[in-house]
Amino acid sequence: MSAASAGHARASFDLKSASLPLISVVLKTPNLATLSQELQARFGETPDFFDNDPAVVVLSAIEQDTTPLSFSVLLTLLKHYRLRPIGIHGGSAAHRDAAAAAGLMDLPDISSAAV
């Protein structure tokens with residue numbers, strides 16, 4: 001038997017809540033070509049503006065838009081600017097299904113401020 005009894009064994013991990021800074025990318029259109037152009041115009045000269053920051057894609061503004069949203073293209077685009085999408089907030093059932101298929105979590109309401 002080990003030196004520590006079963007009742008006093010040290011755990012191999014702890015679970016603690018954490019508060020992490022996240023970037024909110026609030027989509028106002030499902031048109032990813034427009035998004036790409038605007039990201040380039042805003043951040044093209046500062047490629048290191050983001051530093052692999054975790055991001056939440058907020059879809060509330062396009063929830064009623066039935067235009068398909070390609071999450072694989074969106075993820076590639078955001079990763080190009082060193083954002084790391086981890087989940088979505090809002091959107092339609094189709095958005096949530098497509099996001100889940102792309103490996104994104106459906107996240108609860110978040111507060112955000114402009115960058």
Side-chain angles (χ1 to χ4, degrees):
M1 183 162 183
S2 78
S5 67
H8 295 91
R10 290 182 58 178
S12 62
F13 67 94
D14 287 325
L15 295 176
K16 298 182 179 191
S17 65
S19 202
L20 301 173
L22 297 171
I23 301 294
S24 293
V25 179
V26 181
L27 287 189
K28 297 180 181 181
T29 177
N31 185 326
L32 298 181
T34 298
L35 177 62
S36 178
Q37 291 169 353
E38 291 182 11
L39 284 168
Q40 176 61 34
R42 188 163 182 184
F43 300 111
E45 305 241 348
T46 53
D48 295 330
F49 187 83
F50 298 106
D51 187 20
N52 294 313
D53 299 312
V56 175
V57 180
V58 179
L59 302 171
S60 303
I62 63 167
E63 195 166 293
Q64 301 302 316
D65 194 321
T66 59
T67 305
L69 180 60
S70 172
F71 281 91
S72 62
V73 172
L74 177 61
L75 294 178
T76 299
L77 178 59
L78 295 177
K79 287 176 182 179
H80 175 77
Y81 289 96
R82 299 183 64 203
L83 288 167
R84 295 294 175 245
I86 61 167
I88 64 159
H89 172 71
S92 66
H95 289 139
R96 289 188 298 277
D97 290 345
L104 297 173
M105 297 182 288
D106 188 6
L107 299 170
D109 194 14
I110 54 173
S111 60
S112 60
V115 173

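Throughout, residue positions are numbered sequentially from 1 according to the sequence presented. The analysis underlying the following values was restricted to heavy atoms, covering all of them including side chains, and did not include hydrogens, waters or symmetry mates.
Considering CG of L78 and CG of L39, their distance stands at 6.5 Å, rounded to 0.5 Å. Q37 CD to R42 CZ: the interatomic distance, rounded to the nearest 0.5 Å, is 15.5 Å. Note that the CG atom of L77 and the CD atom of Q40 stand 10.0 Å from one another [nearest 0.5 Å].
Pairing each heavy atom of T67 with each of P30, the nearest pair is CB-CG, 3.6 Å. Across I62 and T29, no two heavy atoms sit closer than the pair CG2-N, 3.5 Å. Nearest heavy atoms, G44 versus Y81: N-CE2, 4.5 Å. Pairing each heavy atom of L104 with each of G87, the nearest pair is CD2-N, 3.7 Å. The two residues G90 and S60 come nearest to each other via the heavy atoms CA-OG, 4.0 Å. Between I86 and P54, the shortest heavy-atom distance links the atoms CG2-CB, 4.3 Å.
The shortest distance between side-chain heavy atoms of L74 and V25 does not fall below 4.5 Å. The shortest side-chain heavy-atom distance between L83 and I23 falls under the 4.5 Å cut-off. When side chains are defined from C-beta on, L69 counts as touching L32, because their heavy atoms get closer than 4.5 Å. Side-chain contact between L15 and F13 is present, with at least one heavy-atom pair separated by less than 4.5 Å.
Without hydrogens or angle criteria, H89 side chain to L107 main chain gives a donor-acceptor distance under 3.5 Å. A side-chain donor-acceptor contact under 3.5 Å links R96 to the backbone of G91. Checked by atom type and distance alone, the side chain of H95 pairs as donor or acceptor with a backbone atom of S92 at under 3.5 Å.
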Checklist entry - Step by step, would you call I88 with V58 a side-chain contact (heavy atoms from CB on, under 4.5 Å)? => result CA-CA 6 Å; I88 64 159; V58 179; over 6 Å; no
Checklist entry - Between L35 and L27, is a side-chain contact (heavy atoms from CB on, under 4.5 Å) present by the stated rule, with each step listed? => result CA-CA 8 Å; L35 177 62; L27 287 189; 3.7 Å; yes
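When ring centroids are compared, F43 and F49 come within the 6.0 Å threshold.
Between R82 and D51 there is a salt bridge, since a side-chain N of the basic residue sits under 4.0 Å from a carboxylate O of the acidic one.
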